[in-house]
Amino acid sequence: METFGTRLHRAVAERGPLCVGIDPHPGLLARWGLEDDVDGLERFVRTVAEALGDRVAVFKPQSAFFERFGSRGVAILESTIRQLRDVGALVLLDAKRGDIGSTVAAYASAYLDPSSPMYVDALTASPYLGVGSLAPMFETAAAHGGGVFVLALTSNPEGAEVQRAVTSGGRTVAQLVIDEISQLNRGAEPLGSFGLVVGATIGDTGHDLSRVNGPLLAPGLGAQGATAADLPTVFGPNLSAVLPSYSREVLNAGPDVDALRTAAARVAADCRHILASGH
């Protein structure tokens, strides 16, 4: 069984360092000339999968934008996951789940167990009930070759109040999260399966990412204000592990398939240049 880290490393080598977020909010559906309903949602994701499914390494559907349509929206999410994985893309579900005990174990079963209709390659998770509370997710991911991306330093301004608070041991909350995820990835080759979410808009983090040995998901690129040129400031010497994530910067080019492909290729080329050169 291949680990998620191995599959991600290969996918980025073959398709380039790009994660495309699938965030079908009402404004984006309207921009595409689609109704804000399940039919519009289905047409939107079918077009994205057709245009980019065999070209992009990782897709990051935002679960909330499917859940808002109820069971029919969730069914479309399940179908989207299957479509993307069938053409060789990795699917990282952006659900930011986090809880304790049997509940977090149920989340793990829902998203990281191959027997589930919602099975994905990796899942985003919130560590603010304690990183240890996510252990069932880490264990299920490890058992089935999956991954977990844990929030560490996010782009939203409210995040700093919690993430940069200093613990009794003298580390910030974010550094504690970083260090605990680093432990999970110790010795993994070519890349650990447990990643961190670090916003591309936050500038010099003042935190040590050097021992993570896992993927660093960088949202905030494009419409949120960051560019590929900002990545060296945020990640310093750890650029080789960065997975840049764009959403509107790519999806606003739709619904034309060729325009979507051109937009994705452009940002992927920008990222490849920066990540390879370091500046």
Side-chain angles (χ1 to χ4, degrees), residues 1-22 49 52-61 80-95 97 107-116 118-125 127 131 134-152 177-198 209-219 231 235 237-246 264 268 271-272 275-276:
M1 180 187 64
E2 283 192 318
T3 66
F4 171 72
T6 297
R7 298 200 309 280
L8 177 60
H9 186 267
R10 182 173 64 246
V12 168
E14 293 175 350
R15 299 188 176 194
L18 179 62
C19 172
V20 171
I22 303 179
L52 303 176
D54 61 350
R55 297 164 181 255
V56 170
V58 182
F59 289 87
K60 182 170 66 68
T80 301
I81 292 167
R82 288 194 299 271
Q83 289 177 61
L84 294 171
R85 298 188 82 239
D86 283 348
V87 292
L90 301 181
V91 178
L92 163 60
L93 185 64
D94 194 358
R97 300 300 191 226
Y107 281 136
S109 178
Y111 301 114
L112 297 169
D113 188 317
S115 66
S116 169
M118 296 286 287
Y119 172 62
V120 289
D121 295 281
L123 177 71
T124 59
V131 177
L134 299 174
M137 286 188 187
F138 301 144
E139 292 163 3
T140 303
H144 299 292
V148 181
F149 286 78
V150 178
L151 303 179
V177 172
I178 292 165
D179 292 345
E180 293 205 28
I181 297 304
S182 300
Q183 287 294 316
L184 294 177
N185 288 325
R186 286 185 65 184
E189 293 182 1
L191 187 70
S193 296
F194 302 104
L196 295 166
V197 180
V198 178
L209 297 165
S210 63
R211 293 185 294 274
V212 175
N213 191 33
L216 302 170
L217 181 70
L231 296 175
F235 295 98
N238 309 294
L239 284 173
S240 63
V242 172
L243 181 63
S245 180
Y246 288 83
C271 291
R272 186 183 292 108
L275 298 181

Let me know which of Leu90, Val197, Leu217, Leu216 forms a side-chain contact (heavy atoms from CB on, under 4.5 Å) with Leu243. Leu217
Main chain of Gly147, side chain of Ser193: is a donor-acceptor contact present, judged purely on distance under 3.5 Å? no
List the atom of Pro136, the atom of Ala108, and the distance in Å for their closest heavy-atom pair. O-CB, 3.7 Å
Just by distance, do the side chain of Asn213 and the backbone of Ala188 share a donor-acceptor pair under 3.5 Å? yes
Do Val91 and Val58 have side chains that approach each other closer than 4.5 Å (heavy atoms only, starting at C-beta)? no
So which heavy atom on Ile178 is nearest to which on Ser182, and how close? O-OG, 2.7 Å
Shortest non-hydrogen contact from Gly16 to Arg272? CA-NH2, 3.5 Å
Residues two or more places apart in sequence or in another chain: which of them pass side chain to side chain contact (heavy atoms under 4.5 Å, CB included) with Thr6? Glu2, Thr3, Arg10, Pro190
Thr124: which residues meet the side-chain hydrogen bond (donor to acceptor under 3.5 Å, both in side chains) condition with it, sequence neighbours left out? Asp94
Please confirm whether the backbone N or O of Gly145 pairs with a side-chain atom of Arg7, one donor and one acceptor, at under 3.5 Å? yes
The ring pair (Phe, Tyr, Trp, His ring centres under 6.0 Å) partners of Phe138 (sequence neighbours excluded) come to Phe194
Out of Val242, Leu239, Leu275, Leu231, which residue meets the side-chain contact (heavy atoms from CB on, under 4.5 Å) rule with Pro17? Leu275
Test of understanding: with side chain to side chain contact (heavy atoms under 4.5 Å, CB included), list the residues that count as partners of Pro114, not counting sequence neighbours. Tyr119, His144
State whether the side chain of Asp121 and the backbone N or O of Leu92 hold a donor-acceptor pair below 3.5 Å, judged by distance alone. no
Any residue meeting salt bridge (Lys or Arg N to Asp or Glu O under 4.0 Å) with Asp54, in chain and number order, not counting sequence neighbours: none
Residues in side chain to side chain contact (heavy atoms under 4.5 Å, CB included) contact with Ser210, at least two apart in sequence or another chain: Asp208, Asn238
Taking Ala125's backbone N and O only, do any of them form a donor-acceptor pair with Arg97's side chain (distance below 3.5 Å, no angle check)? no
